[in-house]
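First comes the structure, then the notes that go with it.
Just so you know, ligand 1 is whichever comes first in the structure, and atom 1 is the first atom listed for that ligand. Values below: all heavy atoms of this structure, side chains included; hydrogens, waters and symmetry mates excluded.
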Amino acid sequence: MDPDVFSKPSVDSLKVKPNLVDYDSSYANFAWESLLSELDWLPGGSLNKAHECIDRHALSNPEKVAMIWLGKNGEEETYTFSDMKRETDKFANVLKGLGIEKGDRVFMFMDRVPELYISVFGTLKAGAIAGPLFSAFGPDPVKDRLQDSGAVALITSPDLRKRISGILPDLTDLKHVIIINKLGRETSPLDEHDLLYDDIMSTASEESTIEQTSMHDYSIMHYTSGTTGKPKGAVHRHLAILQQYATGKWALDLHKDDVYWCTADPGWVTGTSYGMFAPWSNGVTQIIYEGGFRATAWYEVIQKYRVSVWYTAPTAIRMLMKAGVDLPKRYDTSSLRFIASVGEPLNPEGVAWGVDAFGIPFHDNWWQTETGAILIANYAAQEVRSGSMGRPIPGVKAGIIDEEYNEVPVGEEGQLAVRPGWPSMFHSYWGNQSLYNSRFKKGWYITGDTARKDEDGFYWFVGRADDVINTAGHLVGPFEVESALIEHPAVAEAGVIGKPDPLAMEVVKAFVSLHQGYEQSDELRREIMRFVRGKLAAAVAPREIAFIDSLPKTRSGKIMRRLLKARELGLPEGDTSTLEDE
Ligand code: ATP
Ligand code: MG
């Protein structure tokens, strides 16, 4: 049996002294103000994320490597902080030359190539708001987002431009399309009005340029994952860098000599907050891997580049688990010092698998597009309670509240809420003030998640508020049931819903996909049923189990339980703009 708790490591046993050594004594009364002096403020009190992440390091440590880019065709490029400064200055000058002004929305729709990173930081230097979009989107989700945000410029590649050419005439605010043809890879014809990145950059001034944004000015916007409904455009301020910097240290334990790899795409908030802002504000070298998921390729990256801190997601961990625990043992992954996960609940099975595969547990942490940065985490120097999201970061007060917004006793389930005012808190849903306002009640920000807190202050995820199942008077969180199901050796992934029932109100129904080598059969179904009944209380155990080849997921890898439910009940599927190809 795997341990439930990976005990608190002695600091001496860790390869590197953790940044947050004594969590308990430092967290409660932490004042964010005390960190403001660690930022490199611009003259007159301005704050710009591009300066914090790029220019300050280019000035103090110009030859340090900022990014090692691994292209999908085996290409490799290395950029120092000084290279990044030059290229982002040039791109900011390009945008300014096009008349882009502070507050304008500049969107990126492209693969993970270095120019994506350059365009985001160039946009920030120009004072505009960056909006990266996931490159697997089809035309409609791109159109929705460009229209909703009123984007004036789009940076994309020839093939992606071709994919969305039909929607471009409808985008009345869009004035400029800039095309990046990385290494001349693509052959799609261009429109005569398009601007070619290589051309405009070759004549752009390298003059240092940075808009004097205030900490309250907007820097980036991200549409949420669409797991529970229509994606919302959460807008963040430059001030968010303070918390992205701090959590890079506290929750990911970044140190200056680390080689860091975040597997998230910048089309989702993890790919910018932790694939750009946290590592680079800490001056850390990061790997940008353009390729998709392949277990062997991922282990090769870790081995070859000596990755020391690795931040990934449960869906990726489950896929690695599917490929087997023997596979990582064929690689030298000894460089890994700290591994973490976000985006969905991390099943205890996944935490323990980290120990089997790499000798260290995955550290789960919790946050949302709206929170801009990690709020709850398992830290390097504290025990990992598998299945728990950890404890709030210093300076953040979380709580579990009831329908009247009062805190519930320890151990009880309720809505996960946070006292507003943390530095990376979103500042609006673009164009939807009333929805934004509706998230704040009686001095709390309501996260939309359900959780409980234990006596030591660890938070345990129960489910999305909408996903919690009410069966015969019991509230059941899908996570608990799914975690039990995937402990069965045949089960690769599980998604659990409440199915309406005349007697019990709802009954628990589970959809499971199987590991390779297992066949769907009634006998296996019965065996899985017996297995979970042995693990869960009778009221919580699924009444029905159905096999499914793969679970519907968002493009950021989250199980879309609302689709399982809609399909089960024959109801409309709602917004499917972020649904992964099935
Ligand atoms: P939408 O708001 O459009 O429905 P979404 O909430 O999935 O989509 P994100 O902001 O990308 O969009 O995801 C944040 C959510 O992901 C959290 O509210 C939570 O439900 C889930 N989540 C993130 N990290 C964790 C974690 N460590 N444990 C459990 N759930 C997590
Ligand atoms: Mg959400």
[Y]/[X] salt bridge by N-O under 4.0 Å criterion:
X: D466; Y: R562; answer: no
X: K565; Y: E573; answer: no
X: E568; Y: R561; answer: no

Compute the centroid of each ring, for [X] and then for [Y], and state whether the two points are separated by less than 6.0 Å.
X: Y274; Y: W367; result: yes
X: F479; Y: W460; result: no
X: W261; Y: Y289; result: yes

Return a yes/no value for [X]: is any of its N or O atoms, backbone included, closer than 3.5 angstrom to an N or O of ligand 1?
X: P231; answer: no
X: G343; answer: yes
X: T447; answer: no
X: T228; answer: yes

Would you mind listing which atoms of ligand 1 come within a distance below 4.0 Å of any non-hydrogen atom of [X]?
X: N365; result: 24 (N), 26 (C), 27 (N)
X: T227; result: 1 (P), 3 (O), 4 (O), 5 (P), 7 (O), 8 (O)
X: K558; result: 7 (O), 9 (P), 11 (O), 13 (O), 14 (C), 15 (C), 16 (O)
X: D364; result: 26 (C), 27 (N)
X: M389; result: 28 (N)
X: V342; result: 24 (N)
X: T369; result: 9 (P), 10 (O), 11 (O)

### Task
Look at the rings of W268 and F137 and say which category their plane angle falls in: under 30° parallel, 30 to 60° tilted, over 60° perpendicular.
perpendicular
With a 4.0 Å cut-off on heavy atoms, is [X] touching ligand 1?
X: G448; answer: no
X: K232; answer: yes
X: F479; answer: no

### Query
Which option out of E344, E370, R464 puts a heavy atom nearest to atom 15 (C) of ligand 1?
R464
### Summary
The option among A264, G387, P345 carrying the non-hydrogen atom nearest to atom 29 (C) of ligand 1 is P345
Return the closest protein heavy atom for [atom] as residue, atom name and distance.
atom: atom 19 (C) of ligand 1; answer: D449 OD2, 2.9 Å
atom: atom 25 (C) of ligand 1; answer: W366 CD1, 3.5 Å
atom: atom 11 (O) of ligand 1; answer: S225 OG, 2.7 Å

### Message
Under the criterion side-chain contact (heavy atoms from CB on, under 4.5 Å), I'd like the reasoning laid out for T272 against H222: C-alpha separation, chi angles, the key distance, then a yes or no.
### Response
CA-CA 9 Å; T272 60; H222 273 289; 2.8 Å; yes
### Task
Check step by step if ring-ring contact (aromatic ring centres under 6.0 Å, His included) holds for Y436 and F426.
CA-CA 9 Å; Y436 177 81; F426 72 137; 4.8 Å; yes
### Task
Check whether any side-chain heavy atom of L514 lies under 4.5 Å from a side-chain heavy atom of E493, and answer yes or no.
no
### Task
Run the numbers on R391 and Q382 for side-chain contact (heavy atoms from CB on, under 4.5 Å), then give the verdict.
CA-CA 10 Å; R391 294 190 277 192; Q382 80 179 43; 3.5 Å; yes
### Message
Going by salt bridge (charged side-chain N to carboxylate O under 4.0 Å, His left out), K143 matches just one of D148, D173, D170. Which one?
### Response
D170
